[in-house]
Student: 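Take this structure first; my questions come after.
Along the sequence shown, the residues carry numbers beginning at 1. Since we're looking at a predicted model, the values are computed, not measured.
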Amino acid sequence: MVPDGTGSAMPSMPGMTMPSTSAPATAPADAPAGPNAVTITNFAFSPATLTVPVGTTVTWTNRDEEPHNISPATGGFKSPNMGTGATYTFKFTKAGTFAYVCSIHPFMHGTVVVTG
């Protein structure tokens, strides 16, 4: 292939843009963030402990390249396996402390504390 004058060895194609290799990766615009969100990154839940009031919906977002899930010790909620960028939400309707792990990687632990 002959360079097209843009520094690329790829031929120019109308309507096609090449991704930038210098731009940092960013979260999709619809990815939840904020006080009721847990991010899964580097094989860890962040924050590891989240405290919310009763009636709060918590959203977990997988930012790792590997699949993860949310599997509580006491039942009540369980996510399917989530690929990169996938989310899972659960509304906590009663007070308590809810410990969970990733059943694929059981060394990953998290806790949601729901206050009444």
Student: So how far is it from Thr39 OG1 to Asp64 CG, rounded to the nearest 0.5 Å?
Tutor: 10.5 Å
Student: If you apply the rule side-chain contact (heavy atoms from CB on, under 4.5 Å), what do you find for Lys78 with Tyr100, and how did you get there?
Tutor: CA-CA 9 Å; Lys78 181 177 170 114; Tyr100 61 91; over 6 Å; no
Student: Using the rule side chain to side chain contact (heavy atoms under 4.5 Å, CB included), only one of Val112, Val113, Thr56 pairs with Phe92; which is it?
Tutor: Val112
Student: List the steps and the verdict of side-chain contact (heavy atoms from CB on, under 4.5 Å) for Ile104 and Asn81.
Tutor: CA-CA 8 Å; Ile104 301 169; Asn81 291 347; 3.5 Å; yes
Student: I need the Asn42 CG to Glu65 CD distance, nearest 0.5 Å.
Tutor: 11.0 Å
Student: On a heavy-atom basis, which atom in Tyr88 and which in Pro80 lie closest, and how many Å separate them?
Tutor: CD1-CD, 4.2 Å
Student: Roughly how far apart are Phe90 CZ and Ser79 OG, rounded to 0.5 Å?
Tutor: 11.5 Å
Student: Evaluate the criterion side-chain contact (heavy atoms from CB on, under 4.5 Å) for residue pair Thr57 and Asn36; output intermediate values, then yes/no.
Tutor: CA-CA 7 Å; Thr57 298; Asn36 303 327; over 6 Å; no
Student: I'd like to know if the side chain of Asn62 reaches the main chain of Ala86, judged simply by a donor and an acceptor atom lying under 3.5 Å from each other, with no hydrogens or angles considered.
Tutor: no
Student: Taking all atoms of both residues into account, what is the closest heavy-atom pair of Val54 and Lys94, and its distance?
Tutor: CG2-C, 3.9 Å
Student: Rounded to the nearest 0.5 Å, how far apart are CH2 of Trp60 and NE2 of His68?
Tutor: 14.5 Å
Student: Any side-chain heavy-atom pair from Phe107 and Cys102 closer than 4.5 angstrom?
Tutor: no
Student: Rounded at 0.5 Å granularity, tell me how far OG1 in Thr111 sits from CZ in Phe98.
Tutor: 11.0 Å
Student: Assess the side chains of Asn69 and Ser103: does a donor N or O sit below 3.5 Å from an acceptor N or O?
Tutor: yes
Student: On a heavy-atom basis, which atom in Thr115 and which in Ala95 lie closest, and how many Å separate them?
Tutor: C-CB, 4.2 Å
Student: Mind checking the CE-CD1 spacing from Met108 to Ile40? Nearest 0.5 Å is all I need.
Tutor: 5.5 Å
Student: Group every Ile, Leu, Val, Met, Phe, Trp and Tyr by side-chain heavy-atom contacts under 4.5 Å, then state whether Phe77 and Val101 land in the same group.
Tutor: no
